[in-house]
Amino acid sequence: MKLSVPGRVTATAVVATVSLLAGGSIAGAAPAGQPAVAAAPDIPVANVKAHLTQLQSIATANGGNRAHGRAGYKASLDYVKAKLDAAGFTTTIQQFTSSGRTGYNLIADWPGGDTNQVVMSGSHLDSVTAGAGINDNGSGSAAVLETALAVSRAGYQPTKHLRFAWWGAEELGMVGSRFYVNSLSTANRSRISGYLNFDMIGSPNPGYFVYDDDPAIEKTFKAYYAGLGVATEIETEGDGRSDHAPFKNAGVPVGGLFSGADYVKTAAQAAKWGGTSGLAFDRCYHSSCDTTANINDTALDRNSDAVAYAVWELSQ
């Protein structure tokens with residue numbers, strides 16, 4: 001999640017043009033009389049954590065971070081892209097320049113589905129320069145990646161078209177996602193039924209926060225957590241501070257999940273969710289200690305499953 005003043009894109013060059021697909025209204029279960037919707041798979045948290053281990057190793061081998069314009073970011077992107085290519089996705093790298101350094105977005109389209117109705121899920125892949133960024137935002141990036149791989153394993157063929165994205169330079173002010181949204185025509189923006197954002201979903205002292213931007217998407221996430229018997233709260237800490245903001249500003253319905261950053265957990269929240277009141281949700285936010293040791297497995301597991309639940313529910 002970005003903290004700094006928004007960075008400025010100083011030059012742009014698209015390495016490969018994205019085939020920009022589709023919109024309509026977000027919807028969940030099939031109407032009465034139609035076949036029952038497919039159930040989302042359980043996302044193995046061990047698989048998500050394996051991706052985090054790889055991102056940590058990449059950071060360690062590249063100066064301790066995976067920041068925009070640094071070797072660790074490009075290696076992270078290459079890792080994710082290789083997994084998606086092997087799973088049958090059509091991947092596209094979008095290139096931009098910010099703060100004098102080259103940045104990259106990675107877009108992955110799953111073949112099939114109505115390209116006039118795109119359900120898009122994304123996360124930022126860059127860290128700050130201070131550390132490896134395993135919760136911020138390896139957690140969201142790994143969960144989105146594993147959900148995409150679950151789509152492939154299931155051979156899932158939804159009614160709507162599925163697209164996944166990993167954004168560069170979010171920590172400079174949502175630079176990569178803004179570049180992507182600005183590259184869309186008005187028609188192509190309208191074809192995106194919804195954009196789901198996942199930025200910090202494994203915080204070590206977690207809360208369970210749901211974006212309240214689009215009512216249908218919000219309802220979907222709340223239904224998942226209600227099924228677990230886990231109470232949620234409306235997400236406010238990250239308003240305007242992550243990659244959903246450029247989509248929302250362009251009129252695309254948005255939603256997402258968040259487990260908390262440097263805000264302090266209250267006594268009431270600790271009573272509801274466990275953890276420690278009086279401490280930040282993530283004491284290692286934007287710090288060198290944001291490593292694989294900085295993850296709450298239960299939050300990561302629940303939120304990863306919620307990513308898949310929403311992708312399946314909203315694409316049928």
Side-chain angles (χ1 to χ4, degrees), residues 21 26-30 35-55 76-92 106-114 117-125 134 137-167 192-202 210 217 220-221 223-225 227-228 230 255-257 259 295 297-316:
L21 312 175
I26 276 284
V37 297
D42 178 77
I43 300 299
V45 71
N47 292 8
V48 182
K49 291 184 69 178
H51 299 313
L52 295 182
T53 297
Q54 290 300 312
L55 294 177
S76 299
L77 182 138
D78 291 343
Y79 169 77
V80 175
K81 184 178 186 296
K83 293 287 187 182
L84 296 164
D85 288 342
F89 284 82
T90 300
T91 58
T92 303
L106 175 63
I107 313 297
D109 285 278
W110 181 240
D114 181 359
Q117 300 184 82
V118 173
V119 174
M120 190 168 186
S121 304
S123 59
H124 76 87
L125 189 57
I134 297 303
N137 182 38
S139 61
S141 294
V144 172
L145 173 58
E146 192 57 31
T147 296
L149 297 180
V151 166
S152 175
R153 288 193 297 266
Y156 183 43
Q157 292 298 322
T159 300
K160 298 179 183 178
H161 181 81
L162 294 178
R163 180 177 297 150
F164 299 88
W166 291 262
W167 308 116
I192 301 176
S193 298
Y195 171 71
L196 312 178
N197 194 61
F198 304 100
D199 187 354
M200 301 181 66
I201 62 170
V210 176
I217 300 174
T220 300
F221 285 121
Y224 166 78
Y225 274 104
L228 295 184
V230 175
L257 300 173
S259 56
I295 292 291
D297 287 0
T298 299
L300 185 67
D301 190 14
R302 288 171 170 172
N303 284 319
S304 297
D305 287 340
V307 175
Y309 178 86
V311 167
W312 258 254
E313 286 292 310
L314 297 173
S315 63
Q316 301 192 53

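The shown structure was predicted, so the numbers you read here are calculated from the model rather than taken from an experiment. Below, each value reflects all heavy atoms present in this structure, side chains not excepted, and no hydrogens, waters or symmetry copies.
- Applying the salt bridge (charged side-chain N to carboxylate O under 4.0 Å, His left out) rule to pairs touching residues 38-47 yields nothing, sequence neighbours excluded.
- Each of I107, L84, V119, T147 was checked for a side-chain contact (heavy atoms from CB on, under 4.5 Å) with F164, and the lone residue meeting it is T147.
- When all heavy atoms are compared, the tightest approach of F221 to G255 is CE1-C, 4.3 Å.
- Of all the heavy atoms in S121 and V144, the pair that sits closest is O-CG1, 4.1 Å.
- To the nearest 0.5 Å, the span separating CD1 on I295 from CE on M200 amounts to 9.0 Å.
- Annotation for S304 and A143: closest pair OG-CB, 3.5 Å, computed over non-hydrogen atoms.
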> Should V307 and I43 be marked as a side-chain contact (heavy atoms from CB on, under 4.5 Å) after you check the CA-CA gap, both sets of side-chain angles, and the distance that decides it?
Replying inline: CA-CA 9 Å; V307 175; I43 300 299; over 6 Å; no

> Can you list the steps and then say if L106 with T92 is a side-chain contact (heavy atoms from CB on, under 4.5 Å)?
Replying inline: CA-CA 6 Å; L106 175 63; T92 303; over 6 Å; no

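- In terms of heavy-atom proximity, A108 sits nearest to T91 at CB-CG2, 4.1 Å.
- Distance check, rounded to the nearest 0.5 Å: OG of S193 to CE of M120 gives 12.0 Å.
- Applying the side-chain hydrogen bond (donor to acceptor under 3.5 Å, both in side chains) rule to N303 yields the partners Y225; only residues at least two apart in sequence or on another chain are considered.
- With Q316 contributing its side chain and W312 its backbone, the two residues share a donor-acceptor pair below 3.5 Å.
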>> Would E313 and Y224 count as a side-chain contact (heavy atoms from CB on, under 4.5 Å) here? Give the steps.
In response: CA-CA 10 Å; E313 286 292 310; Y224 166 78; over 6 Å; no

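- Taking CG of L145 as the reference point, atom NE2 of H51 lies at 4.0 Å (rounded to 0.5 Å).
- Taking S259 as the reference, S203 meet the side-chain hydrogen bond (donor to acceptor under 3.5 Å, both in side chains) condition, with sequence neighbours excluded.
- Side-chain atoms of Y195 do not come within 3.5 Å of backbone N or O of G256 as any donor-acceptor pair.
- The backbone N or O of L125 lies less than 3.5 Å from no partner atom in the side chain of N137, so there is not a single donor-acceptor pair.
- For the residue pair L257 and A306, the shortest heavy atom distance occurs at CD1-CB, 3.5 Å.
- Distance alone, capped at 3.5 Å, places no donor-acceptor pair between the D114 side chain and the T159 backbone.
- Proximity of a side-chain donor or acceptor of S141 to a complementary backbone N or O of W166 within less than 3.5 Å is not detected.
- To the nearest 0.5 angstrom, L162 atom CG is 9.0 Å from Q157 atom CD.
- The side-chain contact (heavy atoms from CB on, under 4.5 Å) check on N47 picks up P44, E146, R153, with sequence neighbours excluded.
- Remark: Y156 engages S315 in a side-chain hydrogen bond (donor to acceptor under 3.5 Å, both in side chains) (not counting sequence neighbours).
- Across G202 and A299, no two heavy atoms sit closer than the pair CA-CB, 4.4 Å.
- Here the OG atom belonging to S123 is positioned 7.5 Å from the CG atom belonging to N197, to the nearest 0.5 angstrom.
- Every side-chain contact (heavy atoms from CB on, under 4.5 Å) that S152 has, sequence neighbours left out, goes to A87, F89, W110.
- For the atom pair CG of L314 and NZ of K160, the computed distance is 7.0 Å after rounding to the nearest 0.5 Å.
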> Could you walk me through whether D109 and R163 pass the salt bridge (Lys or Arg N to Asp or Glu O under 4.0 Å) check?
Replying inline: CA-CA 5 Å; D109 285 278; R163 180 177 297 150; 2.8 Å; yes

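- Counting heavy atoms from C-beta outward, L228 and R302 have side chains that approach closer than 4.5 Å.
- Remark: side-chain polar atoms of S139 are paired, donor with acceptor, to backbone N or O of I201 under 3.5 angstrom.
- Looking at residues two or more places apart in sequence or on another chain, you find a side-chain hydrogen bond (donor to acceptor under 3.5 Å, both in side chains) between K49 and D297.
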